[in-house]
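Notes follow the structure.
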Number of protein chains: 2
Amino acid sequence: MDIKKLPEGTIERLSKYRRCLTTYCKFYRENIFSHELARNLHLTPEQVRRDMMLIGHSGSHKNGYNIEELVEKISEVIDCRGKTNVAVFGLGNLGQAIVRYLQDKETRLNVEAIFDVNPEKINKPFLSVDCYHIKDLKRIIKEKDIRIAVLTLPGDDAHDMALEIAEAGVTGIMNFTPVPLKLPEGVFLEEYDILTSLEKVAFFAKK
Amino acid sequence: MDIKKLPEGTIERLSKYRRCLTTYCKFYRENIFSHELARNLHLTPEQVRRDMMLIGHSGSHKNGYNIEELVEKISEVIDCRGKTNVAVFGLGNLGQAIVRYLQDKETRLNVEAIFDVNPEKINKPFLSVDCYHIKDLKRIIKEKDIRIAVLTLPGDDAHDMALEIAEAGVTGIMNFTPVPLKLPEGVFLEEYDILTSLEKVAFFAKK
DNA sequence: ATTTACTTGTGTTTTGATTAACAATATGTA
DNA sequence: TACATATTGTTAATCAAAACACAAGTAAAT
Ligand SMILES: NC(=O)c1ccc[n+]([C@@H]2O[C@H](COP(=O)([O-])OP(=O)(O)OC[C@H]3O[C@@H](n4cnc5c(N)ncnc54)[C@H](O)[C@@H]3O)[C@@H](O)[C@H]2O)c1
Ligand SMILES: NC(=O)c1ccc[n+]([C@@H]2O[C@H](COP(=O)([O-])OP(=O)(O)OC[C@H]3O[C@@H](n4cnc5c(N)ncnc54)[C@H](O)[C@@H]3O)[C@@H](O)[C@H]2O)c1
């Protein structure tokens, strides 16, 4: 199995399997069947088994998959290089929600820095994460070995900031601002916009 | 063209085309080429043209697509039944960010109600949207003809609330809680989890 | 022992979305 | 007019993901 060849869909599902297993299942049982995992996550059992196959994990015919082993295996695959440091840019409502959420969840992604421009927010820790002025981003990103940036700042500044962030050495950017980014090659970019999701829901909900 | 047959991917892209056009383009030009739209949204020109074809929209060989007409056409397709009322459940950080975001954007999705349990939040409007106690959800959903629900409340309550919301007649649910929902047939469900996105970014950013 | 019921693992098929290719069309130019 | 250029619209080819189908394993029941 060439791990880098795994389809995006599989990676997303692996993340969901793991969360489902660590959150709901591991406390009250040892094993789980493909159809159970599938039902929880709105998938088919075949797809679950196919994903298992892709990461080279096997279960038992009688008991399905051992939850602990499976979580271990998924972690080997998706956290392959261990812990990854994340910074959040813009500590408004959305930024705060995200920092809190990431701290609550079991994950190897650690929010190690926050950036803002508001003097009231800078130099005070938020949920024990230090908040810096955005002008120091280059230095802090290097010092703290930040790999992933989450953009939750106003759209006006987003593009310029993103370019600086990329230049500082970040290799993955999650963009929540409504501004489509044009980044240099080599930076993995993911964008999410709730309006797109909601318009889709509205469309398919109309029958 | 059977409008209900449009692939989910196309619907998502249509939403993005429209936002891109209304936000950035329509102020300073009349027409746009498929390759320009594509470059902005990280797509190929072929895909843009394919989407145009699917919704039965034509451009001109010399000038590409007329922006005003295209926006009009996209709106006919994705807002087919006009305005749709939305309610947000849970007015925490995430809920507030979403309400503000939806109000800022040009869209036919209107946030017409908010629900919470915190007495400090109830019966005060937030950004001029009324906030009700969650126990009144059935009545308010009917009165206000709410079609879409956005769940931004704590996970513990999410599943029970979702079932009640579905029963009250909502036909589309956007779930931001970390709890996977099991809903009755006929309710279109979309789930988003930033941790899945971030873990994906982290995975593909590692090279 | 044999049967039954249930599961995983995986080759095969199907589906459907994306990419490639190119003909048709419009415009500008020599 | 003939030619060069740039774009759309659409058919055909490609590709990948999902669904299907079933062999093979396992354990419990008979
Ligand atoms: N993609 C989505 O689904 C979605 C949803 C909601 C909001 N948003 C977007 O996310 C962003 C934040 O939304 P919010 O509701 O949290 O807004 P907010 O106004 O509450 O927060 C913005 C924060 O960014 C800080 N800021 C301003 N300029 C900055 C800069 N140059 N560098 C760093 N920080 C800076 C502000 O001080 C503030 O703390 C906005 O761009 C909004 O449009 C996206
Ligand atoms: N999917 C994602 O990417 C993502 C990101 C961040 C947070 N979240 C989730 O979104 C939810 C909200 O996050 P937050 O940071 O805004 O939390 P928060 O604590 O700031 O807000 C929760 C709000 O819900 C209200 N509430 C509590 N019980 C309720 C009930 N039964 N009915 C209605 N309202 C109720 C609370 O009064 C509060 O206002 C949480 O479940 C969190 O895990 C998801």
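Note on naming: letters A, B, ... go to the chains in the order of the sequence lines (proteins, then strands), and numbering restarts at 1 for each one.
For the atom pair CG (D51(B)) and CD1 (I74(B)), the distance works out to 9.0 Å, reported to the nearest 0.5 Å.
Between Q47(A) atom CD and dA17(D) atom C1' the separation is 8 Å, expressed in whole Å. What separates CE of M53(B) from C1' of dT10(D) is a distance of 6 Å, to the nearest Å. Atom P of nucleotide dA16(D) and atom CG of L54(A) are separated by 13 Å, given to the nearest angstrom. Rounded to an integer number of Å, the gap from E46(A) CD to dT14(C) P is 16 Å. Atom CG of L43(A) and atom C1' of dC20(D) are 17 Å apart (whole Å). Rounded to an integer number of Å, the gap from Y65(B) OH to dA6(D) C1' is 13 Å. Between I32(B) atom CD1 and dT7(D) atom P there is a gap of 12 Å when expressed in whole angstrom units. Put simply, CG on N66(A) is 13 Å from P on dT8(C), counting in whole angstrom units.
Heavy atoms of G9(A) sit nowhere under 4.0 angstrom from any nucleic acid atom. Among the heavy atoms of the strands lying under 4.0 Å from P7(A) are primed sugar atoms or P, OP1, OP2 only; no base atom is included. Nucleic acid contact class of T10(B) (heavy atoms, under 4.0 Å, all strands): none.
When the side-chain nitrogen and oxygen atoms of R13(A) are compared with OP1 and OP2 of dA18(D), one or more of them lie within a distance under 4.0 Å. Between dT7(C) and S34(A), no contact under 4.0 Å exists linking OP1 or OP2 to a side-chain N or O.
The two residues F115(B) and C131(B) come nearest to each other via the heavy atoms C-SG, 4.5 Å.
The residue among R50(A) and H35(B) whose nearest nucleotide of DNA chain D lies closer to the 5′ end is H35(B).
When distances run from any side-chain atom of T44(A) to the nucleotides dA19(D), dT18(C), dT8(D), the shortest one goes to dA19(D). Distance from the side chain of R49(B) is smallest for dC22(C) among the nucleotides dC22(C), dT11(D), dG11(C). Distances from the side chain of F33(B) to the nucleotides dT8(D), dA19(D), dA20(C) place dT8(D) closest.
Remark: side-chain polar atoms of D116(B) are paired, donor with acceptor, to backbone N or O of N118(B) under 3.5 angstrom. Remark: the backbone N or O of K200(B) is not paired with any side-chain donor or acceptor of E190(A) at under 3.5 angstrom.
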Pair K73(A)-E69(A), salt bridge (Lys or Arg N to Asp or Glu O under 4.0 Å): steps then yes or no: CA-CA 6 Å; K73(A) 183 72 178 198; E69(A) 284 175 22; over 6 Å; no
Base versus backbone protein contacts along nucleotides 24-30 of chain D [heavy-atom cut-off under 4.0 Å; B, S, -]: -BSS---
Which donor-acceptor pairs under 3.5 Å do the side chains of residues 161-176 of chain B make with protein atoms, sequence neighbours left out?
unit_1  : atom_1 : unit_2  : atom_2 : d
N175(B) : OD1    : T177(B) : N      : 3.0
N175(B) : OD1    : T177(B) : OG1    : 2.8
N175(B) : ND2    : V179(B) : O      : 2.9
N175(B) : ND2    : E191(B) : OE2    : 2.9

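H35(B) is linked by a ring pair (Phe, Tyr, Trp, His ring centres under 6.0 Å) to F33(B), counting only residues two or more places apart in sequence or in another chain.
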